[in-house]
Number of protein chains: 2
Amino acid sequence: MANINDVSRLARVSKATVSRVLSGNRGVREESRQAVLKAVQALNYQPNLIAQSLSGQSTGCVGVICAMESMQHAVNYLPALEKQFRRHNKHLLLRFADSAAGVESAISSLGRGLCDAMIVIGARFELPKLDGSVVLIDCLNAPGAYSISFDHAFAAETACQYLISHGRRQLALLNYPDGETAENVLHGYRRGLEYHLVPYNRRLVVCRDPSPRVALQALVNSGARFNGLLVMNQADAREAISVLHAYRRAVPDQLAIISLDGAAPLPGSLLPLPAIEYPLEKLAEQALEMITGHSGTGPLVIRGDLVAG
Amino acid sequence: MANINDVSRLARVSKATVSRVLSGNRGVREESRQAVLKAVQALNYQPNLIAQSLSGQSTGCVGVICAMESMQHAVNYLPALEKQFRRHNKHLLLRFADSAAGVESAISSLGRGLCDAMIVIGARFELPKLDGSVVLIDCLNAPGAYSISFDHAFAAETACQYLISHGRRQLALLNYPDGETAENVLHGYRRGLEYHLVPYNRRLVVCRDPSPRVALQALVNSGARFNGLLVMNQADAREAISVLHAYRRAVPDQLAIISLDGAAPLPGSLLPLPAIEYPLEKLAEQALEMITGHSGTGPLVIRGDLVAG
DNA sequence: TTGTATGCGTTATCAG
DNA sequence: CTGATAACGCATACAA
C-alpha cells in the first residue's frame with residue numbers, strides 16, 4: 001500500500017500539503033491540489049487508519065460487548081448499530097461476554113487505545129462500575145452515567161391494557177428475578193390491572209430464572225387460572241408456547257401471550273405475537289449521540305411501541 | 001492512560017528496557033526487571049495497541065463482513081468466531097453487507113491498515129474477485145483461494161437418505177437459484193433418490209428465489225404430490241411450515257421437512273426439525289488457521305452432521 | 001501558499 | 001546488560 005511519502009514524491013509537494021489536501025483543503029493552490037489528487041488516484045492511496053489514530057487521538061473504533069445470555073436478543077442490535085456508526089466512519093469492535101467478569105475483561109482488552117468508546121448490550125447480570133465512556137444499552141441495573149434503558153413499567157402497563165382490552169383479565173407474569181427491573185415490571189403490571197379493577201393475584205407472578213419452563217410448569221401446576229401471559233422477551237415467549245402446548249393450552253386462542261421486548265422478530269415465525277418493541281434505529285442514533293457527545297448527559301429511558309401480533 | 005515513558009521514568013530505566021521486559025524478557029538484569037514490573041503495576045500500564053500496530057506491522061484485527069440476506073444465519077457464526085479469535089488476541093471488526101458492492105466497500109474501508117485479514121460470511125450473491133487475505137465462509141460461488149464451504153451435494157444426499165429411511169419417498173426440493181451450489185444440491189438430491197430407486201420428478205424441484213413462499217405455493221398448486229421437503233436453511237423451513245400450515249398440511253405428520261443448513265437452531269423452537277448442521281467451533285478453528293497461515297492453502301469443503309429433529 | 005520539524009507510543013537496531 | 005535513536009505513517013504548529 002502506498003503511503004503519504006509516495007504521494008508527496010509523485011506530486012512533487014511535501015507530505016504536509018498532501019495531508020492538507022486530503023483533510024479539509026484549506027489554503028492550497030489549485031495546481032498543487034490537482035497534482036496531489038492525481039497522485040492519489042494513480043497510487044490508489046488511502047491514508048493508513050492506524051497512523052491517523054496514533055497521530056490524532058481517536059481511533060474511530062467503538063467496542064461493542066454483547067451479553068451472551070440473551071444473545072439472540074443482543075445480536076439484533078448489531079446491524080442497526082453498525083449502519084448508524086458506519087455513517088460516521090466509526091468501526092465496531094465486537095466482543096461477547098456472559099458475565100460481569102467477562103465484560104470487565106473485554107473492556108480492559110479493548111480499552112488499550114483501540115477504542116474511543118464502548119457499548120455494552122443486553123447484560124442481564126450485575127455490571128461492575130464502569131468508565132464514563134461506556135454506554136449501556138438494554139442492561140438491567142445500569143450503573144453508569146450513560147445508559148439507554150427501557151421503561152419496563154410502561155411496557156408492562158401497556159401490555160396489560162392491551163390484553164385486558166382483548167378480553168383477557170386473568171394475567172400471569174413471567175418476570176425477571178428480584179431487582180430494580182423486576183420491580184418496575186411488577187409496578188406497571190399492577191397499575192395496568194388496577195386501572196381495570198382487576199384484583200392482583202400474587203400466585204400469577206412467577207420468576208423466569210433459572211428456567212422459564214420450570215416456572216411455567218409450576219404456575220400451571222398451582223392451579224391458578226390465567227388466560228393471558230406477559231413474558232420478558234421472544235425467546236421466553238417461545239418457551240412458553242412450547243410448555244403450554246404440552247399442557248394442551250392453545251395459543252393464542254385459549255391463552256394470549258405478549259412479550260415485553262419484541263426485538264428479534266423471527267423471520268417466517270409461525271405465530272406473530274403481540275409485543276412491545278423498541279425502535280432499533282432510534283436506539284442506534286441515541287447511542288451514537290451519547291458517544292460522540294452531542295447529547296445531553298444522563299441516562300435515557302425510552303418507551304416501546306405496542307405491536308399487535 | 002500511562003504510557004511507556006511514564007513507566008521508564010518511574011522505573012529509572014529506558015523505554016527500551018521497559019519494552020524488553022514486557023515482550024520476551026531476554027537479557028534484562030533481574031533488578032531492572034523487577035523495577036519495571038513494579039512501575040507497570042503502580043501505573044496500571046498497558047501497552048497501547050495502536051502504537052504497537054504502527055510499529056509492528058500487524059494490527060491484530062480481523063474484519064468480519066456478514067451478509068445480511070441470511071443474517072439470522074451469518075450472525076450465528078459470530079460468537080464462535082469471536083471466541084476462537086480472542087484466544088489468539090485477535091479482535092473482530094464487524095460490518096454488514098447486502099450486496100457485492102457492499103462487500104467491496106466494506107473491504108476497502110477496512111483494508112486501510114485496520115485489519116490484517118478479512119472474513120466474509122454467508123454471501124448468497126455473486127462475489128467480486130478478492131484479495132488473498134480474505135477468507136470466505138459459507139459463501140455461494142466462492143471465487144477466492146481461501147474459502148470454507150459446505151458440501152451441499154453430500155448434505156442433500158444425506159437428507160434424502162434420512163427422509164426415505166423414514167418412509168418419505170416423494171421428496172420436494174426448495175433449491176437455490178441457478179448456480180454451482182444449486183447444481184451440487186440437485187446432484188446430491190438425485191443421487192439420494194437413485195440409491196433408493198425413486199424416480200426423479202423435476203416438478204418437485206422449485207427455486208426459493210425470489211420467494212420461498214411463492215415457490216411453495218406454486219409447488220402445491222401444481223398438484224405434484226410430496227411428503228418430504230428439503231429446504232436450504234431454517235428460515236426457509238419456517239416459511240415452509242407457515243405456507244403448508246395454510247394449506248392444512250401438518251408438519252411433520254403429513255410432511256417431513258429437513259434443512260440443509262441447520263445453523264441457528266432457534267431457542268425454544270416449537271418443532272425441532274431434522275437438519276444438516278455444520279460445527280461452528282471447527283469452522284472457527286479452520287478460519288483462524290487460514291488467517292494465521294498455519295494451514296495448507298486452498299479451499300476447504302466440510303461435511304455437515306445429520307441431526308434428527 | 002508551502003515546506004520543515006516535531007509528536008503520537010511502540011519496537012527494533014546498534015553502539016556502548 | 002542497557003540506553004540512545006531511528007523507524008512506523010500521519011497530522012499540525014510554526015517558519016518561511
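In what follows, every chain begins at residue 1, and chains take the letters A, B, ... in the order their sequences are listed. Side-chain atoms are counted along with the backbone in the values below, which use heavy atoms only and exclude waters and symmetry mates.
With sequence neighbours left out, the side-chain hydrogen bond (donor to acceptor under 3.5 Å, both in side chains) criterion links B:Asp116 to B:Ser58, B:Thr59. Taking the side-chain hydrogen bond (donor to acceptor under 3.5 Å, both in side chains) definition, one finds that A:Ser147 meets it with nothing, sequence neighbours left out. Legend: residues meeting ring-ring contact (aromatic ring centres under 6.0 Å, His included) with A:Phe150, ordered by chain and number and at least two apart, are A:Tyr278. Listed by chain and number, the residues in a salt bridge (charged side-chain N to carboxylate O under 4.0 Å, His left out) with B:Arg87 amount to none (sequence neighbours excluded). Residues passing the salt bridge (charged side-chain N to carboxylate O under 4.0 Å, His left out) test with A:Asp6, sequence neighbours excluded: A:Arg9. In this structure, B:Arg112 has no side-chain hydrogen bond (donor to acceptor under 3.5 Å, both in side chains) partners at least two apart in sequence or on a different chain. For B:Leu10, the side-chain contact (heavy atoms from CB on, under 4.5 Å) partners at least two apart in sequence or on another chain are B:Ala39, B:Ala42, B:Leu43.
Contact annotation: A:Ser14 does not reach the phosphate of C:dT2 (side-chain N/O to OP1 or OP2, under 4.0 Å).
Residues B:Arg95 and B:Ser109 have side chains that bring a donor and an acceptor to within less than 3.5 angstrom of each other.
Taking atom CD1 of B:Ile50 as the reference point, atom C1' of D:dC8 lies 13 Å away to the nearest angstrom.
Using a 4.0 Å heavy-atom distance criterion, B:Ser32 is classed as a sugar-phosphate-only contact.
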(request) Heavy atoms under 4.0 Å is the rule here; annotate nucleotides 6-16 of chain C 5' to 3' with B where the base is hit, S where only the sugar-phosphate is, and - elsewhere. (result) -BBBBBB----

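Across its full length, the helix from C:dT1-D:dA16 to C:dG16-D:dC1 shows an angle of 50° between the axes of its 5 terminal pairs at either end, rounded to 10 degrees.
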